[in-house]
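Only heavy atoms go into these numbers, but all of them, side chains included; no hydrogens, no water, no symmetry mates. Below, read A as the first sequence line, B as the second, and so on, with proteins coming before strands; counting in each chain starts at 1. Please read these numbers as outputs of a predicted model, since none were measured by experiment.
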There are 2 protein chains.
Amino acid sequence: MGKGEQTRQAILDEAFSLASCVGVGGLSIGILAERTKMSKSGLFAHFGSKEELQLAVLREAQQRFAEVVLRPAFRQPRGVARLRAIVLNWLDWTRVANLPGGCVINAAAAEFDDQPGALRDEVRRGLIALRRTLVETVAKAVEAGDLRPDTDPEQLAFELEGIYQVAQQSRRLLNDPDADRRALFAFDRLVRDYAVERGKE
Amino acid sequence: MGKGEQTRQAILDEAFSLASCVGVGGLSIGILAERTKMSKSGLFAHFGSKEELQLAVLREAQQRFAEVVLRPAFRQPRGVARLRAIVLNWLDWTRVANLPGGCVINAAAAEFDDQPGALRDEVRRGLIALRRTLVETVAKAVEAGDLRPDTDPEQLAFELEGIYQVAQQSRRLLNDPDADRRALFAFDRLVRDYAVERGKE
DNA sequence: CGCTTTATAGAACGATCGTTCGTTTGTGTC
DNA sequence: GACACAAACGAACGATCGTTCTATAAAGCG
């Protein structure tokens, strides 16, 4: 890796955790230059525009999410176990990744959901991919016989995302120490609802 | 109402719908002055600082939420009927209120959840009040005999907020036309889970 | 009406924003 | 070591930001 790629990555690291606090839209080249001890113009040259920097941060976030949340979970056997692993990693990922100010992607989703442009498209792309992964994981849990055959994977994935989002908000804004516990409780109840009832099948 | 209060409200109206699109943090006095056909300084004088303007917008949002979502629902008899009315109004409130860019409060929650200050405090206060209202409504549904006595109102309120949040995201960002239907489906399943089973009681 | 108070306008402030340009420093290669 | 190229810098740009000040216009009241 050449010098250019190296510093670019260092900038991205700093931008990533900064965006966690101020949002992807709140990123500032001046402040970022200050934190990385670079000149504004020197930093700027690595991206060509602020939007390109923001896009790079979003892509970085998605990549780390896949590494930290999804990939380890896929070592679990297909079925509810894998689904549960995803939820557990998901709830933990702001701690595992360097995200002192919360999930970048979720914040960006709320920020850009009504502002057409490349940033919104990128966020959208990422969330659609995540949703698809969830749907497929649920579908495999059905195939594996963990969930009832009439389970609607899209509905279950929908509800899983809701659990995650409210957990984040409860933990971060309301300072609710029980947020994770409640999220897991909701997940378990959800899965129990859709589970095949072993005694009756 | 004097002239001052009148124009202040007009500014707030405009700021409210503008914040829906760009976020409470993205509000700009210059742009707001342009939209209201006022001078920056003339507009500014009504609030004294940008932060005070932002706080006023947040308070306005909370007041409208109470009027549009909660108050009508409280005309329903206590119990699941009232709870369902809240959810229905809730899902509709970005359409009923002038919120072309989505729920101001939820966006602000994601924006300020890690930035200490008066704005975060205000958002927090509003969301805590909402959560409490939900909890009490659930508790009354238990008293009314609609829900099982061992129902945990805080848990149910927690999950209700999750349903709302994912519905918003799915509708606004993913353009999912089924978002509201899925949210209602989740609500009904949730309530059925906690409902007293009439045949067995 | 006249008088006091309030509301609005206009110009300017310093700060910061993203961006451009020319130059200098550094890196990697023959 | 010399050369070609990439990387970083420093200064400046025009624009916009929130804010302040002073002056003008309007509103409210006797």
Study note, to complete from the structure: Rounded to whole Å, CZ of A:F44 lies from P of D:dA7 at a distance of 16 Å
Practice item. Measure the distance from CD on B:E52 to P on D:dG18 and round it to the nearest whole Å. Key: 15 Å
Exercise for review: Go through the structure and list residues passing side-chain hydrogen bond (donor to acceptor under 3.5 Å, both in side chains) with A:N175, not counting sequence neighbours.
Suggested key: none
Practice item. Answer yes or no for A:R64 and A:F16: cation-pi contact, defined as NZ/CZ to six-membered ring centre under 6.0 Å and angle to ring axis within 45°. Key: yes
For residues 128-138 of chain B, tabulate all N or O donor-acceptor pairs below 3.5 Å that involve a side-chain atom, not counting sequence neighbours.
| unit_1 | atom_1 | unit_2 | atom_2 | d |
| --- | --- | --- | --- | --- |
| B:R131 | NE | B:E161 | OE2 | 2.6 |
| B:R131 | NH2 | A:S170 | OG | 2.7 |
| B:T133 | OG1 | B:A129 | O | 3.0 |
| B:T137 | OG1 | B:T133 | O | 2.7 |

Review point. Taking atom P of C:dG26 as reference, at what distance in whole Å does atom CD of A:Q6 sit?
Key: 16 Å
**Study point:** Euclidean distance, atom CD of residue A:E5 to atom P of D:dC5 [Å, nearest integer]
**Key:** 20 Å
**Study point:** Partners passing side chain to side chain contact (heavy atoms under 4.5 Å, CB included) against A:Q63 (at least two apart in sequence or in another chain)
**Key:** A:E67
Review point. Closest to the A:M38 side chain: C:dT19, D:dA8, C:dA7?
Key: D:dA8
Check your understanding: Does the pair A:D188/A:R84 count as a salt bridge with the N-to-O cut at 4.0 Å?
Key -> yes
Check your understanding: Which pairs with one or both residues in residues 34-46 of chain B pass salt bridge (Lys or Arg N to Asp or Glu O under 4.0 Å), sequence neighbours excluded?
Key -> B:E14-B:R35
Exercise for review: Would you please confirm or rule out a distance under 4.0 Å between OP1 or OP2 of D:dA6 and any side-chain N or O of A:H46?
Suggested key: no
Review point. Can you tell me how far P of C:dG18 sits from CG of A:L43, to the nearest Å?
Key: 10 Å
Exercise for review: Could you run through nucleotides 10-17 of chain C and give me one letter per nucleotide, 5' to 3': B if any protein heavy atom sits under 4.0 Å from the base, S if only the sugar-phosphate is that close, - if neither?
Suggested key: B------S
Check your understanding: Could you give the CG-to-P distance, from A:L32 to C:dT19, as a whole number of Å?
Key -> 13 Å
Review point. What is the nucleic acid contact for A:A45, judged by heavy atoms within less than 4.0 Å: base, sugar-phosphate only, or nothing?
Key: nothing
Point to revise | Selected nucleotide, minimal atom distance to B:K3 side chain, candidates D:dA8, C:dT19, C:dT8 | key: C:dT8
Anything under 3.5 Å between a donor and an acceptor, one on a side chain of residues 86-108 of chain A, the other on a protein residue two or more places apart or in another chain? List them.
| unit_1 | atom_1 | unit_2 | atom_2 | d |
| --- | --- | --- | --- | --- |
| A:N89 | ND2 | A:V69 | O | 3.1 |
| A:N89 | ND2 | A:A85 | O | 3.4 |
| A:D92 | OD1 | A:R95 | NE | 3.2 |
| A:D92 | OD1 | A:R95 | NH2 | 2.9 |
| A:R95 | NH2 | A:D180 | OD2 | 2.9 |

Practice item. Grab the CZ-P distance between B:F47 and C:dA7 for me, whole Å please. Key: 12 Å
